[in-house]
Amino acid sequence: MNNENYISQTISVSYGKQESAIVPQTKMKQSLVSGWRKKFAVLSFRLTIIGIAIKSYNNPWNWIYIPLSLIKLRRKTLGQHYLTKLACVDNRYYWGLYAPGWNGIAFQKFIAAEMNHIIPVKQKVNRFINTYVAITKKCSLQCEHCYEWENLNKKETLSPPQLKRIVAKIQEQGVSQIHFSGGEPLLKMDLLIDILCSAKKETDFWVLTSGFKLTSTNAKKLKKAGLNGVMISLDHFEPEKHNQFRGFKEAFYWVENGVQNAIDNQLVVALSLCTTKEFTTLDNLYTYANLAKKMGVSFIQFLEPKAVGHYSGKDIFLSDNQIKMLEDFYLEMNYNPKYKEYPLISYHGYYQRRQGFFAAGNRSLYVDPDGDINACPFCQTKTGNVLDDDFENSILKLQNLGCHQFNAKQN
Ligand code: SF4
């Protein structure tokens with residue numbers, strides 16, 4: 001049986017008669033483009049990149065050398081693989097979850113910053129590709145893997161003006177994407193809208209959410225305020241198992257609703273999966289991908305479990321075989337034309353094992369719900385507070401500390 005037949009059969013077995021209730025078939029989906037349309041978009045990216053090189057360098061040699069170097073760098077990370085599809089949402093094209101969509105100011109600044117790593121450019125560039133900013137400690141869920149477990153539902157320490165100041169300070173440094181997290185950021189809708197409205201529109205904004213409270217009205221308000229995408233956690237294709245993992249009996253319901261409301265409002269949608277030891281089998285990965293395709297999302301993110309927060313001290317690590325399985329699945333889904341209608345997969349572990357770690361103040365950092373900066377949400381090594389005067393020194397300290405798990409190999 002080929003994989004697609006296998007997938008169809010498995011999903012039918014999983015849901016039986018409930019299938020159409022869980023995943024409505026008639027609603028809007030996000031488009032994945034392939035074939036000539038994808039080729040045309042890639043050509044347009046490349047022309048834009050040459051245009052950015054012309055603006056960024058006086059020496060005409062660099063106008064070609066730098067775009068070619070960017071392609072070479074990408075191949076070094078990914079190998080000789082060619083994406084068979086791009087996501088297209090609200091007239092912007094996305095080839096990855098951690099790069100702003102083409103075209104627009106966020107994309108142009110992102111590319112100029114990448115060029116600057118090869119040969120310094122004339123203009124001021126973004127310091128960070130992305131920053132996670134936790135805006136609340138409040139959450140209604142109790143997830144098995146929660147990295148903010150020790151802080152959850154404690155008293156908030158940051159006021160709304162302080163949170164807006166944090167975003168402004170990060171934007172002063174230059175950042176291509178800000179991912180708002182928590183706690184559950186959607187529990188603070190008014191605050192989130194206020195932050196989005198006051199932020200400069202030169203960054204792509206995302207929300208990391210369980211989907212809780214991502215109603216149609218909220219999705220509309222968020223889009224209007226300038227949100228670009230939502231990353232919704234879904235840790236199992238079986239509703240009961242997802243609810244159990246999340247410690248919340250309506251968790252799956254909110255994922256389904258949140259996904260549809262976000263899609264209806266032209267937000268880019270990614271599903272984020274914690275690839276636990278129990279979940280990671282080939283059958284489960286195909287069934288999950290098929291559900292994601294039916295839901296109509298653009299991306300799936302694989303997050304390997306980390307022994308922090310609620311998982312602290314637990315034996316949660318994947319076997320070598322499971323890591324190999326995830327890597328093979330990631331390559332198959334993204335680069336085999338057979339899966340061109342499936343969401344793109346983002347898998348940090350794949351890049352980090354080959355290219356090193358770009359967080360820890362180098363191209364990314366995590367601002368926790370107290371305003372302290374950390375290497376990433378899973379590597380909580382506080383080196384200072386964004387609101388302190390010596391924020392710059394705190395970033396340098398973070399860069400020196402690096403990441404405990406992967407060595408940073410900067411180009
Ligand atoms: S992982 Fe997120 S949704 Fe789950 S308990 Fe922690 S903050 Fe809440």
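Keep in mind the model is a prediction, meaning the values are calculated, not measured. Read the numbers this way: they start at 1 and go in the same order the structure lists the ligands and their atoms.
Around atom 6 (Fe) of ligand 1, protein N, O or S atoms at less than 2.8 Å comprise Cys146 SG.
Taking the six-membered ring where tryptophan is involved, the planes of Tyr288 and Phe279 are perpendicular, since the angle between them exceeds 60° and thus also 30°. Ring geometry, Phe205 versus Phe180: the interplanar angle falls under 30°, so the pair is classed parallel (tilted spans 30 to 60°).
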Can you give the donor-acceptor pairs under 3.5 Å from side chains of residues 40-53 to other protein atoms, not counting sequence neighbours?
unit_1, atom_1, unit_2, atom_2, d
Ser44, OG, Phe40, O, 2.9
Thr48, OG1, Ser44, O, 2.8
Thr48, OG1, Trp102, NE1, 2.8

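Near Arg246, with a cut-off below 4.0 Å to any heavy atom, the atoms of ligand 1 are 3 (S), 4 (Fe).
Between the side chains of Ser272 and Gln301, at least one donor N or O sits under 3.5 Å from an acceptor N or O. Counting only N and O atoms by type, the side chains of Tyr342 and Asn290 include a donor and acceptor under 3.5 Å apart.
A side chain to side chain contact (heavy atoms under 4.5 Å, CB included) with Gln177 is found for exactly one of Tyr132, Phe110, Trp206, namely Trp206.
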